[in-house]
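Data block below; observations after.
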Amino acid sequence: MTDRVPASGTVHWIGAGLSTGSGLAGLCRTAGRVLLWHRTEDRAAEALAGLGLTGRAEPRALTDPAVLAAALEPGDVVVSMLPAPEHAGLLAVCVRARAHFACSSYVSPELSAHAEAARAAGLVVLTETGLDPGVDHLFAHSLIGRARARVGEHTPASYRLTSYCGGVPAVPNDFRYRFSWAPLGVLGALRSPARYLEDGAEVTADRPWEATRPLVLDGETFEAYPNRDSVPFVAQYGLPAAWTPRTFVRGTLRLDGWLKAWEPVFEELTTGDDERIAALARRLAAAHPTTDADRDRVVLSVSLTVDPGEGRPWTGAYLLDLTGDAEESAMARCVSRPLALGVRHILDGSLRAGLHRAAGTAQRADRWLAELADDGLEFTLTLGQ
């Protein structure tokens with residue numbers, strides 16, 4: 001097998017959208033050289049100025065993939081903040097240039113198709129290392145490790161694991177939401193069926209909002225619904241075979257009252273075709289934008305209950321609840337800092353060649369969480385029995 005390509009110390013951060021925040025500033029302190037690539041060099045320079053990074057990172061114009069390819073040296077790290085469908089093409093460029101790759105998005109079949117070539121070339125491919133996916137994985141692995149140590153790897157037990165995340169307005173509005181990313185993407189996610197486990201059985205919600213339930217966190221009521229396909233994460237999280245899932249769901253968190261406020265939207269999602277829904281997305285974007293005066297709030301809750309049937313179940317829960325400020329949105333902080341931490345682990349050589357997610361073990365998750373806490377990302381852990 002090809003040895004891992006040593007990191008050169010140079011980081012290419014591709015894209016300066018809403019999720020680019022203080023994580024980039026952290027890399028400017030630790031990497032030997034940082035380049036920010038955006039649509040034009042002027043836009044990249046503006047983004048750096050907005051982050052207070054003028055002179056600490058180099059602005060570049062990403063006019064064509066060939067321009068980036070020509071700038072890459074073996075061992076460089078490419079961080080993709082581009083839309084998920086563009087990751088695979090960028091990874092292919094990295095493989096040819098012998099550069100490492102990182103992003104915050106889910107592993108797609110297209111990305112996975114290039115991962116083996118990257119591993120064979122001695123390259124790290126780091127994925128699912130943002131907020132959700134990312135910090136949610138860290139919370140889950142940490143809780144599972146703690147429960148395993150307390151309950152026992154081979155002790156028969158049932159368990160309930162829930163993971164909910166949402167970006168919501170810090171100051172609730174009548175619509176109970178503001179759009180900080182493409183409204184069509186929000187609506188598209190709601191049109192996709194959700195698969196999860198409930199009461200020991202597999203359930204598919206063709207209309208995920210119809211499976212919305214109240215969720216009380218730290219005395220505040222939210223609304224939560226399943227999102228995407230939760231079932232594969234049972235295997236990904238490596239729960240003990242002796243434990244039987246009663247509930248396993250990963251989903252989205254919204255403010256209380258969201259279900260009622262969005263009734264007209266749901267009606268259109270049920271009856272409208274693609275053209276009508278695209279038109280709806282444009283209307284919603286105009287009616288409920290996130291402005292410079294608005295502050296966002298990110299809430300992530302991951303909880304685990306393991307019951308060996310002795311009347312004293314083990315319980316644990318992580319809660320992250322952050323509000324943005326004038327300098328940085330909560331979403332940018334929560335996505336960019338974990339991603340930057342992952343890049344630092346590529347730079348220091350602690351990640352081997354091949355495909356990685358934010359965490360694969362409890363030990364690794366606890367290490368990353370400790371480092372994120374040191375970086376100023378605040379969260380709480382509550383343990384029961």
Side-chain angles (χ1 to χ4, degrees), residues 17-19 21-22 130-132 134-136 139 162-191 194 205 207-228 249-270 277 280-303 317-337 376-380 382:
L18 294 172
S19 293
S22 54
L131 170 66
D132 175 3
V135 178
D136 56 346
F139 285 173
T162 62
S163 179
Y164 292 109
C165 184
V168 300
V171 179
N173 57 353
D174 290 343
F175 192 56
R176 319 305 284 174
Y177 192 76
R178 289 194 182 277
F179 291 96
S180 59
W181 66 293
L184 192 58
V186 177
L187 300 184
L190 284 167
R191 296 176 75 189
R207 301 170 181 171
W209 66 87
E210 293 181 350
T212 300
R213 301 287 187 271
L215 179 67
V216 178
L217 299 174
D218 199 23
E220 181 178 355
T221 300
F222 294 87
E223 295 179 348
Y225 62 91
N227 187 25
R228 299 178 182 264
V249 57
R250 290 166 45 85
T252 300
L253 205 63
R254 294 288 181 250
L255 293 174
D256 190 32
W258 170 81
L259 197 63
K260 178 68 175 177
W262 277 52
E263 283 181 351
V265 176
F266 301 143
E267 182 177 350
E268 188 73 353
L269 291 179
T270 301
I277 291 171
L280 172 64
R282 291 191 292 271
R283 294 197 302 272
L284 292 175
H288 308 286
T290 296
T291 70
D292 291 341
D294 294 313
R295 298 289 173 259
D296 71 329
R297 179 186 180 193
V298 166
V299 183
L300 169 61
S301 168
V302 180
S303 67
Y318 276 103
L319 177 63
L320 180 155
D321 187 348
L322 295 178
T323 298
D325 54 34
E327 294 183 357
E328 181 181 28
S329 71
M331 188 62 70
R333 185 182 310 156
C334 292
V335 173
S336 69
R337 290 192 185 183
L377 197 66
E378 300 175 0
F379 50 85
T380 60
T382 304

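For clarity, every value in this text was computed on a predicted model and none was experimentally measured.
The existence of a salt bridge linking R333 and D325 is confirmed by a sub-4.0 Å separation between a basic side-chain nitrogen and an acidic carboxylate oxygen.
The backbone N or O of C165 lies less than 3.5 Å from no partner atom in the side chain of D136, so there is not a single donor-acceptor pair. With hydrogens and angles disregarded, a donor-acceptor distance shorter than 3.5 Å links the side chain of R178 to the backbone of P289. A distance-only check finds a donor-acceptor pair linking the side chain of T290 to the backbone of F179 [under 3.5 Å].
Nearest heavy-atom pair, W209 versus L190, reported as atom, atom and distance to 0.1 Å: CZ3-O, 3.4 Å. The heavy-atom pair separating L322 from A330 by the smallest distance is O-CB, 3.5 Å. Residues L255 and R297 approach most closely at CD2-NH1, 4.5 Å, considering heavy atoms. Residues S22 and S336 share a closest heavy-atom pair of N-OG, 3.5 Å. Considering every non-hydrogen atom in both Y177 and V186, the closest pair reads OH-CG2, 3.8 Å. In plain terms, the two heavy atoms of P208 and A189 that are nearest each other are CG-O, 4.5 Å.
Enclosure of atom CD in E327 is not indicated, since only 12 or fewer non-hydrogen atoms of other residues, nucleotides or ligands lie within 6.0 angstrom.
A distance of 10.5 Å separates CZ in F222 from CZ in R176, rounded to the nearest 0.5 Å. Residue L215 holds its CG atom at 10.5 Å from CD of E220, rounded to the nearest 0.5 Å. One finds the NZ atom of K260 at 11.5 Å from the CD atom of E223 (value rounded to the nearest 0.5 Å). The structure places CG of L377 at 5.5 Å from CG of L320, a figure rounded to the nearest 0.5 Å. Within the model, atoms CD of E267 and CG of L280 stand 11.0 Å from one another, a figure rounded to the nearest 0.5 Å.
Side-chain contact between V171 and R295 is absent, with no heavy-atom pair separated by less than 4.5 Å. By the 4.5 Å heavy-atom criterion applied to side chains, E210 and F266 are not counted as neighbours. Between R337 and V135, every side-chain heavy-atom pair lies at or beyond the 4.5 Å cut-off. Contact check for W258 versus V168: no side-chain heavy atoms found under the 4.5 Å cut-off. In this structure, the side chains of I277 and R191 come closer than 4.5 Å at one or more pairs of heavy atoms. A heavy-atom distance below 4.5 Å is found between the side chains of W262 and F175. No side-chain heavy atom of F379 sits under 4.5 Å from any side-chain heavy atom of L300. Put simply, the side chain of V249 does not reach to within 4.5 Å of the side chain of N227, judged on heavy atoms.
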Legend entry - Worked check of side chain to side chain contact (heavy atoms under 4.5 Å, CB included) between L187 and L284: CA-CA 10 Å; L187 300 184; L284 292 175; 4.2 Å; yes
Inset, instruction - Give the C-alpha distance, both sets of side-chain angles, the deciding distance and a yes or no for side chain to side chain contact (heavy atoms under 4.5 Å, CB included) between R250 and D132. - result: CA-CA 10 Å; R250 290 166 45 85; D132 175 3; 3.4 Å; yes
